[in-house]
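The structure under discussion appears below in the form of structure tokens.
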Amino acid sequence: MSFDIGRVFSNTFAMVKERWGPMLGLWATFFGALLLYAMVFGGVLGGSAVAMGAAFSGSLDNPAALGGMGIGFILMMVVFYIGYIAIALGQQGAMIAMASPIQNVTFGEAFTLGLKGGLSFLGVIVLLMIAYVVVLLLGAGLAAILGEAGAVILAILILPVAIYLACRMSVLVPVIVVDRVFNPIKAITQTWATTRGNVLGIFLIYVGFTVLALIAIGIPFALLGGMMGAGGEPGVLTMVFGFLIMIAIFIGFTLVSSSMIASLHAEISDTHVEDLSETFE
């Protein structure tokens with residue numbers, strides 16, 4: 001571990017304090033885009049389903065036509081989810097680009113970086129899924145060769161290996177949107193190089209962040225549960241208030257986690273970042 005964990009946390013909260021407005025605006029913009037996309041594409045899928053249902057009744061004696069319609073609908077669903085995931089990833093990328101201590105981008109620049117980063121991250125996901133399938137097949141083959149004892153050993157190793165790989169890939173999004181590495185293969189290799197020698201520190205940061213998040217989220221949920229449990233059946237206003245509180249907690253968690261990832265990347269990248277807690281007061 002070769003970096004200051006305390007500085008990562010101090011910079012995290014400093015950046016949230018300084019840029020919470022633009023970050024919230026980016027979250028809301030992409031959230032609106034997700035809703036609009038789901039409504040438009042959902043309407044297209046609904047219309048296609050109705051058309052397919054009408055065509056289905058006239059194609060019962062044509063298996064090839066039925067198979068073609070089914071494949072077409074499945075492809076439309078795949079395209080829908082790919083687009084939805086790209087927008088969701090773009091939201092995260094835009095917020096991280098805005099929260100990074102090593103750059104000062106405008107709202108429009110962060111939005112554009114988020115869109116480009118979302119598409120790049122889709123490519124990364126495809127590559128990682130291919131690697132996952134290859135490793136899974138190799139593991140299954142090795143377990144078959146080694147027998148029951150080998151399978152147990154591999155099962156025990158899954159968790160630490162998964163944690164290690166998660167730490168090594170933890171700054172993938174800021175590498176894409178902050179370092180502007182939009183080539184998926186280069187993004188993976190640069191992320192791997194950036195996290196080299198920092199796995200322990202990254203792991204400790206995520207453990208600390210998880211503990212703080214559980215405390216910060218647990219307290220309002222406990223209070224909310226007490227409010228709803230007091231006096232019998234909760235009223236409408238109490239339920240609405242609870243729903244708004246949950247939304248606020250979710251948005252706040254998204255802002256802080258994005259800033260934490262950006263600050264972690266800034267700390268372990270080649271650009272050294274000094275403690276920003278006083279700069280943004």
Side-chain angles (χ1 to χ4, degrees), residues 1-31 89-114 117 121 166-181 190-191 194-195 197-220 245-281:
M1 185 177 65
S2 59
F3 61 90
D4 190 337
I5 294 178
R7 184 163 55 207
V8 172
F9 282 107
S10 64
N11 288 344
T12 294
F13 294 110
M15 298 312 297
V16 171
K17 179 181 177 182
E18 171 68 15
R19 301 178 184 175
W20 70 268
M23 291 175 66
L24 181 60
L26 288 166
W27 180 90
T29 301
F30 276 94
F31 182 74
L89 293 173
Q91 181 186 56
Q92 184 187 28
M95 294 176 66
I96 289 176
M98 178 60 69
S100 176
I102 59 178
Q103 67 177 9
N104 189 12
V105 296
T106 64
F107 186 94
E109 289 171 338
F111 182 82
T112 302
L113 288 169
F121 199 59
C167 290
R168 292 303 301 265
M169 291 289 105
S170 58
V171 295
L172 179 61
V173 177
V175 164
I176 293 174
V177 299
V178 177
D179 295 338
R180 304 328 198 249
V181 183
Q190 181 159 326
T191 301
T194 301
T195 55
N198 294 306
V199 173
L200 177 59
I202 293 171
F203 175 72
L204 293 176
I205 283 176
Y206 274 97
V207 169
F209 180 78
T210 301
V211 172
L212 292 176
L214 289 175
I215 295 174
I217 295 174
I219 292 176
I245 289 295
M246 286 189 289
I247 292 177
I249 290 174
F250 172 75
I251 295 175
F253 175 81
T254 304
L255 265 62
V256 175
S257 61
S258 298
S259 182
M260 188 274 291
I261 295 172
S263 297
L264 172 60
H265 166 261
E267 183 69 22
I268 64 177
S269 65
D270 292 336
T271 304
H272 182 70
V273 181
E274 299 297 334
D275 194 333
L276 302 179
S277 57
E278 296 182 0
T279 304
F280 294 104
E281 289 182 354

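Everything quoted here is computed from the prediction, not taken from an experiment. Heavy atoms only: backbone and side chains are in, while hydrogens, waters and symmetry mates are out.
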* Asked: Taking it one step at a time, do E109 and T106 satisfy side-chain contact (heavy atoms from CB on, under 4.5 Å)?
  -> CA-CA 5 Å; E109 289 171 338; T106 64; 3.2 Å; yes
* Take R19 and N104 through the side-chain contact (heavy atoms from CB on, under 4.5 Å) test and state the conclusion after the steps. => CA-CA 10 Å; R19 301 178 184 175; N104 189 12; 3.9 Å; yes
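How far CD1 of I176 is from CG of L113: 11.0 Å, rounded to the nearest 0.5 Å. The CD1 atom of I261 sits 11.0 Å away from the CD1 atom of I205 when rounded to the nearest 0.5 Å. In this structure, L264 CG and S100 OG are separated by 11.0 Å, a value rounded to the nearest 0.5 Å. Distance check: S259 OG to F13 CZ gives 8.5 Å after rounding to the nearest 0.5 Å. Distance check, rounded to the nearest 0.5 Å: CE of M15 to CG of L255 gives 12.0 Å. Between T195 atom OG1 and R168 atom CZ the span is 4.0 Å, to the nearest 0.5 Å.
Listed here is the closest heavy atom pair of P22 and F107: O-CE1, 3.7 Å. Considering every non-hydrogen atom in both Q91 and W27, the closest pair reads NE2-O, 3.0 Å. For S263 against P101, the heavy-atom pair with the smallest separation is OG-CG, 3.9 Å. Nearest heavy atoms, T254 versus S257: O-OG, 3.1 Å. The two residues I96 and S258 come nearest to each other via the heavy atoms CG1-O, 3.7 Å. Summarising the geometry of S269 relative to I102, their closest heavy-atom pair is OG-CD1, 4.1 Å, with the distance given to 0.1 Å.
The shortest distance between side-chain heavy atoms of N198 and I268 falls below 4.5 Å. Between P174 and D179 the shortest side-chain heavy-atom distance does not fall below 4.5 Å. The side-chain heavy atoms of L24 and M95, taken from C-beta on, include no pair separated by under 4.5 Å. A heavy-atom distance below 4.5 Å is found between the side chains of M260 and Y206.
Here F9 and F209 keep their ring centres 6.0 angstrom or further from each other.
Remark: Q103 engages R180 in a side-chain hydrogen bond (donor to acceptor under 3.5 Å, both in side chains) (not counting sequence neighbours).
For Q190 (side chain) and V175 (main-chain N/O), no donor-acceptor pair under 3.5 Å exists by modelled atom type.
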